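Notes follow the structure.
All values reported here derive from a predicted model rather than from experimental measurement. Below, chain A is the first sequence line, B the second, and so on; all start at residue 1.
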2 protein chains.
Amino acid sequence: MARKKLDEIRPEDDASARRTPMREFSRSLPMSLLRAREAVMRQFRPSLRNHGLTEQQWRILRALTAVDEIEVTELARVAFLLGPSLSRILRDLEARALIERRAAENDARRAVVSISAKGLKLIEAVAPTSEVIYAAITKRYGARKLAELQEMLGALEASLAGMGSAAEAEVEAED
Amino acid sequence: MARKKLDEIRPEDDASARRTPMREFSRSLPMSLLRAREAVMRQFRPSLRNHGLTEQQWRILRALTAVDEIEVTELARVAFLLGPSLSRILRDLEARALIERRAAENDARRAVVSISAKGLKLIEAVAPTSEVIYAAITKRYGARKLAELQEMLGALEASLAGMGSAAEAEVEAED
DNA sequence: GGGAGATGATTAACATGTTAAGTGAATTCC
DNA sequence: GGAATTCACTTAACATGTTAATCATCTCCC
């Protein structure tokens, strides 16, 4: 139960002595992506917060400015939110009169959402600051490098798109 | 209030007609990072779930296998979790006897955490599948390209590290 | 045209993200 | 050496992530 104290082993021996060989934790791909995204979002969050918006609310309003109206399912795909999150947020945004919602013409199951005039006004108040931040990031990191990074991220997403979960064998083995 | 109907305008006119010029939403850096990370985590989540672990619980146990024991604050830094999240998760992991906790010797404020034998056993049960998945991702995307991507992500994080929020001027203006 | 299954959206339940406030212990500094 | 401050951690409160279940509609097919 009790494991070796730090002063009984040299730090370099630590990993090899006890562990299943694994990649250094902090260098795993999920952690790299998480830290990079957090570093970026940390720049934007204060400005959004000043305008009473969360990151996800901003994503939704932002997506709505690009279309006249859109069905909820399609909005979820575009804003990259799961249905339940989107349901809650739309309820709140509608209560704040930032969006409008109506039923689809030919299918009572579907709902169609659009941004309101008030929502557009809010977007226009936030957008300039967001652009300034984005420009600052681009300048710091380099426009070319940024484009290359985005291309590589898109390629990663694409290469994993058709990858059936490698855990499937394990699932079956434990059923 | 009412905005143009889709059949009253041509789709190409839509954006330029109403919007503050902004980057195409789906190509923004935060969205690219979010989608890429989700594509990766989608591969791992089923396996973790089979073992009753969330992604964050796994991160914590994983980090604990690399050290003998560690203070909570340092663990938060390594596992990239905020204090409140970590507090809750440690409480749960302790209740499941996957970790052990004690007070620091010279400072009653600090808590020191370590993984238990049961926790180690769980890690060793999950690790092989995780490695298989990681290997599959690496093969699909390319080992060299993956290394390059991680390097670029690290550089992005580093270049933004010292960047005071660009929203500061805005904050002061609205106070 | 009606019942079985599929579909779109919401609700439920639990875990985490995020900021602010609280608590107890150590440090500072006069 | 004690009040004020700082520090480590926890709680609180609210928003979102995640999976499962529910509900209403729609489609298909007999």
Check whether any side-chain nitrogen or oxygen of [X] sits under 4.0 Å from OP1 or OP2 of [N], and answer yes or no.
X	N	value
A/Q56	C/dG17	no
A/R110	C/dG8	yes
B/R101	D/dT10	yes

What is the nucleic acid contact for [X], judged by heavy atoms within less than 4.0 Å: base, sugar-phosphate only, or nothing?
X	answer
A/R49	sugar-phosphate
B/L86	nothing
A/T54	sugar-phosphate

[atom1] of [X] versus [atom2] of [N]: gap in Å, rounded?
X	N	atom1	atom2	result
B/R91	C/dT16	CZ	C1'	12 Å
B/E71	C/dA25	CD	C1'	14 Å
A/L53	C/dG17	CG	P	22 Å

Check your understanding: Taking atom types as they are modelled, is there a donor-acceptor pair under 3.5 Å from the base of D/dG17 to the side chain of B/R45?
Key ->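 In this structure, the two groups form no donor-acceptor pair.
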Point to revise | Check: D/dC26 base within 3.5 Å donor-acceptor of A/R109 side chain | key: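 Under the 3.5 Å cut-off, the side chain and the base do not form any donor-acceptor pair.
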Check your understanding: Under the salt bridge (Lys or Arg N to Asp or Glu O under 4.0 Å) criterion, do B/R45 and B/E38 qualify, and how do the steps go?
Key -> CA-CA 10 Å; B/R45 257 190 284 269; B/E38 177 53 29; 2.6 Å; yes
So if I take every side-chain heavy atom of [X] and compare against [options], which nucleotide ends up nearest?
X	options	result
A/P84	C/dT11, C/dT18, C/dA26	C/dT11
A/L82	D/dG17, C/dA25, D/dT16	D/dG17
A/Q57	C/dT18, C/dA25, D/dT16	D/dT16

Check your understanding: Under the criterion side-chain contact (heavy atoms from CB on, under 4.5 Å), which of A/L33, A/L153, A/L149 is the partner of B/S32?
Key ->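 Output: one option passes, namely A/L153.
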Practice item. Determine the sole option in A/I89, A/L86, A/L81 for which the side-chain contact (heavy atoms from CB on, under 4.5 Å) test with A/R59 is passed. Key: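 Only one option passes, and that is A/L81.
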Check your understanding: Between B/E100 and B/K118, does a salt bridge (Lys or Arg N to Asp or Glu O under 4.0 Å) hold up when you go through it step by step?
Key -> CA-CA 10 Å; B/E100 293 164 3; B/K118 184 180 175 188; over 6 Å; no
Point to revise | Residue whose closest nucleotide on DNA chain D lies nearer the 5' end, B/S87 versus A/F80 | key: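 Of the two residues, B/S87 wins.
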**Study point:** Gap separating the CD1 atom of A/I70 from the CG atom of A/L64, nearest 0.5 angstrom
**Key:**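 Result: 7.0 Å between the selected atoms.
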